[in-house]
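Ligands are counted one by one from 1 in listed order, and the atoms in each one are counted from 1 as well. Start at 1 with the first residue, then count along the sequence.
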Amino acid sequence: MIHGEDERLPFADLRPGSDAAEIREAVERVLASGWFVLGPEVEAFEAEFAAAAGAKHAVGVASGTDAIALALRAAGVNPGDEVIVPAMTAAFTALAVVAAGATPVIADVDPRTLTLDGRACADAVTSRTRAIVPVHLYGQPADMMEIMAVADRHRLVVIEDCCQAHLATCNGLPVGTIGAAGAFSFYPTKNLAALGDGGAVMTSDGALADRVRLLRNGGQTHRNHHAVAGVNSRLDELQAAILRVRLPNLLPETALRRLHAAFYREALHGAVVPVAERDAGHVYHLFPVRSARREALQAHLTRAGIETLIHYPVPLHKQPAFANLAPRDCPVAAQAADELLSLPLHPRLHARQAARVADAIQTFEKGSIDA
Ligand SMILES: *Cc1c(COP(=O)(O)O)cnc(C)c1O
């Protein structure tokens, strides 16, 4: 038995690591300032985050879900409008459409990349369609060339769901700068993580950015004067200060994610099928593989002390929450939902841990287990 084989290998470890001391300093700085919601840390983070992707504006909000909803509203999506979303994503993508008062229309995904399929998207367009929300799933950009072509043809707004894809690029262009706006989440598991909820809308459209700023703060033009019915969705100073500590580490951490992903692809060859990499701008938020024997594989890995998760076990068209929409069948997403298994992959994973995961999978696939 290899040394440390019984050691538990968690899917992720969200406790601050080498950045802990800097985070404490940032928190102390905010505590001493006595200013906690929308202030100088939020403004500085917004500028730094926009600059990191070469966008003109970033507007901090309370979550990724709110970022999508407010970007849609700011882009002119109204109640009754239809918004196309992919069937394989976090349900929050579609919940954000509902929060904006619009109706999600669920379309199937590409069988290789599991991002929104251009043809399925085009087929889902009706006279009421107003927008498309492609998802850069698992850190991989959706095929934006194809999606922008559909959007241009039908004069639709594109809001990119970048919640899993901070600083990813699509054909060299940073995600969040291709459509009218990009929506980001800083939930603690994301590539750029706060220690609580947080989100941002990125855009180079100054008017759209201004409308998000208005909407996130109750629609107030100035204190106690509400021009529109906005919401309370503000980024707080503590989270912004923490995100400012972490932003400079994002590119080196992304490089580590890509190294682990390359290792897995090589080491798992012939055993399980990783979701295809279509664009080298992939930032590997997750590393899902597909197996026809997913439940047994997951059980085998659990016995070996390796924690895995499923992203996502229920495609949107099968979620009871959206049954009222009578969504059309999405067979590609449905089959993927039965086969996907996400392996541990994060910047703090050691090469020997990744090797242990790969060995355990190879052992399972060779059928040489005696559980
Ligand atoms: C995390 C996530 C969201 C929602 O972000 P929150 O900050 O949790 O609201 C939306 N879409 C995708 C693809 C996500 O991964």
Side-chain angles (χ1 to χ4, degrees), residues 11-12 14 45 49 58-73 83-100 102 104 106-107 109-110 113-116 131-142 144 147 158-168 170 175-176 179 181-202 212 216 231-236 239-240 242-243 246 257 275 282-288 309-316 319 321-322 333 336-337 340 342 345-346:
F11 189 75
L14 304 183
F45 172 69
F49 188 56
V59 183
V61 296
S63 70
T65 308
D66 282 356
I68 300 166
L70 296 185
L72 286 168
R73 284 183 66 181
V83 177
I84 298 168
V85 299
M88 181 53 68
T89 179
F92 291 97
T93 305
L95 294 172
V97 173
V98 174
I106 299 162
V109 292
D110 177 274
T113 61
L114 303 183
T115 55
L116 183 60
I132 308 172
V133 181
V135 177
H136 304 313
L137 192 69
Y138 312 133
Q140 168 143 269
M144 291 303 290
I147 288 158
V158 174
I159 303 296
E160 301 171 62
D161 181 338
C162 307
C163 291
Q164 302 188 351
H166 311 72
L167 302 190
C170 182
V175 298
F184 292 82
S185 167
F186 307 120
Y187 183 74
T189 60
K190 309 288 178 170
N191 289 21
L192 180 59
L195 297 177
D197 278 309
V201 175
M202 180 181 280
V212 175
R216 75 171 169 185
V231 294
N232 178 350
S233 181
R234 303 174 294 218
L235 187 60
D236 67 69
Q239 300 308 338
I242 290 161
L243 290 165
R246 290 182 159 179
R257 287 176 182 275
V275 174
H282 195 323
V283 295
Y284 288 97
H285 171 58
L286 292 167
F287 193 87
L309 294 174
I310 296 170
H311 300 91
Y312 292 91
V314 184
L316 297 200
Q319 291 283 4
F322 305 123
L340 289 164
S342 300
L345 187 156
H346 52 83

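- In this structure, atom 4 (C) of ligand 1 lies nearest to the protein heavy atom T65 OG1, 3.5 Å.
- Aromatic ring centres of F49 and F186 lie closer together than 6.0 Å.
- Contact annotation: the side chain of Q239 never approaches that of F45 to less than 4.5 Å [non-hydrogen atoms, C-beta and beyond].
- Remark: ligand 1 atoms within the under-4.0 Å shell around heavy atoms of S63 are 7 (O), 9 (O).
- In this structure, of A200, S185, P86, A194, the residue bringing a heavy atom nearest to atom 7 (O) of ligand 1 is S185.
- The atoms of ligand 1 that sit less than 4.0 Å from any heavy atom of C163 are 2 (C), 3 (C), 10 (C), 11 (N), 12 (C), 14 (C), 15 (O).
- Counting protein heavy atoms only, atom 1 (C) of ligand 1 is closest to K190 NZ, 1.7 Å.
- Taking only nitrogen or oxygen atoms, main chain and side chain alike, D161 reaches within less than 3.5 Å of ligand 1.
- Residues V61 and R234 are not in side-chain contact: their nearest non-hydrogen atoms beyond the backbone lie 4.5 Å or more apart.
- With contacts defined as side-chain heavy-atom distances shorter than 4.5 Å, the pair L114/L340 qualifies.
- Residue-ligand proximity, V135 to ligand 1, at heavy-atom distances under 4.0 Å covers atoms 13 (C).
- Residues Y138 and H311 place their aromatic rings such that the two centres sit no closer than 6.0 Å.
- Nearest heavy atoms, L72 versus A96: CD1-O, 4.5 Å.
- Near T89, with a cut-off below 4.0 Å to any heavy atom, the atoms of ligand 1 are 13 (C).
- Interface atoms of ligand 1 facing G64, defined by a heavy-atom separation under 4.0 Å, are 5 (O), 6 (P), 7 (O), 9 (O).
- Summarising the geometry, atom CZ belonging to R257 is positioned 8.5 Å from atom NE2 belonging to H346; distances are rounded to the nearest 0.5 Å.
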